**Student:** 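Let me begin by handing over the structure; questions about it come next.
Predicted model only: the values in this text are computed from it and were never measured. Start at 1 and go down the list; that is how both ligands and their atoms are numbered.
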Amino acid sequence: MTISYVLGNSLYLNLTNKCPNNCDFCVRNNTDHLGDAESLWLEREPSHGEIINDLEKRDLDSFDSIVFCGYGEPLERLDEVVEVSKYIRSRTDKPIRINTNGLSDLINGKNSAERLRGLVDIVSISLNASDSEKYDEVCHSVYGRKAFGAMLEFASASKKFIPRVILSVVDTIGAEEIEKCRAIAREIGVEYRVREYIE
Ligand code: SF4
């Protein structure tokens, strides 16, 4: 079972396969593995002890960053992300990043960005679309039309607690959508990134 894997110069953590979305462009639909992982499908969610044991075998200082991002939404395991981040912080000053769909407040039933304060350096949130209707068309969230607004609120709240907040889209959404999404990021006052679609 792959808990951590190397992709580029970063170490990635795969804590869960749960996700409330089912995005058309999700990499999980196209391949079972990324980086040096054989498969990112988990037979079960790794326990705290298993995650720490796995990290103890890694030279964390040798990576450019440590990233919570696997075949699921990392903030489905918010408590574990917080505890594991504390452990990583005790071992290295390398940046900690979370790649998330930004739906943590809905998933966890409460405001959650503040829990990442002082632990996470960068949060990269998938914006995906310029309004709730288009978001639902591509992300098929169990939260329906509520998802888009909740994601933007999480992005806005994250600005108060996390040094770098990035809203991202995939490059397949078309030039007009890319520009509309850029305007949303500007309005919220966060960074914007157009990321390459992974086949
Ligand atoms: S939010 Fe991320 S993990 Fe979940 S379905 Fe969409 S792309 Fe996949």
**Student:** Using the side-chain contact (heavy atoms from CB on, under 4.5 Å) definition, which of the options Leu42, Val27, Thr16 pairs with Tyr71?
**Tutor:** Val27
**Student:** Distance to 0.1 Å, residue and atom name: give those for the protein heavy atom nearest to atom 6 (Fe) of ligand 1.
**Tutor:** Cys23 SG, 2.3 Å
**Student:** Take Arg195 and Ser168 through the test side chain to side chain donor-acceptor pair (under 3.5 Å) and record every step on the way to the result.
**Tutor:** CA-CA 7 Å; Arg195 61 185 201 279; Ser168 75; 2.6 Å; yes
**Student:** Please check: side-chain N/O of Glu73 versus main-chain N/O of Asn101, any donor-acceptor pairing under 3.5 Å?
**Tutor:** yes
**Student:** Tell me, which protein residue and heavy-atom name are nearest atom 1 (S) of ligand 1, and how many Å apart are they?
**Tutor:** Cys19 SG, 3.5 Å
**Student:** Which atoms of ligand 1 have any heavy atom of Asn101 under 4.0 Å away?
**Tutor:** 1 (S)
**Student:** In terms of heavy-atom contacts, does CD of Glu176 have more than 12 from other residues, nucleotides or ligands at under 6.0 Å?
**Tutor:** no
**Student:** From atom 8 (Fe) of ligand 1 out to just under 2.8 Å, does an N/O/S atom of Cys26 turn up?
**Tutor:** yes
**Student:** Specify side chain, backbone, both or neither for Arg28, according to which of its non-hydrogen atoms lie closer than 4.0 Å to ligand 1.
**Tutor:** side chain
**Student:** Are Leu167 and Ile122 connected into the same hydrophobic cluster when the rule is that any two of I, L, V, M, F, W, Y join if their side-chain heavy atoms are below 4.5 Å apart?
**Tutor:** no
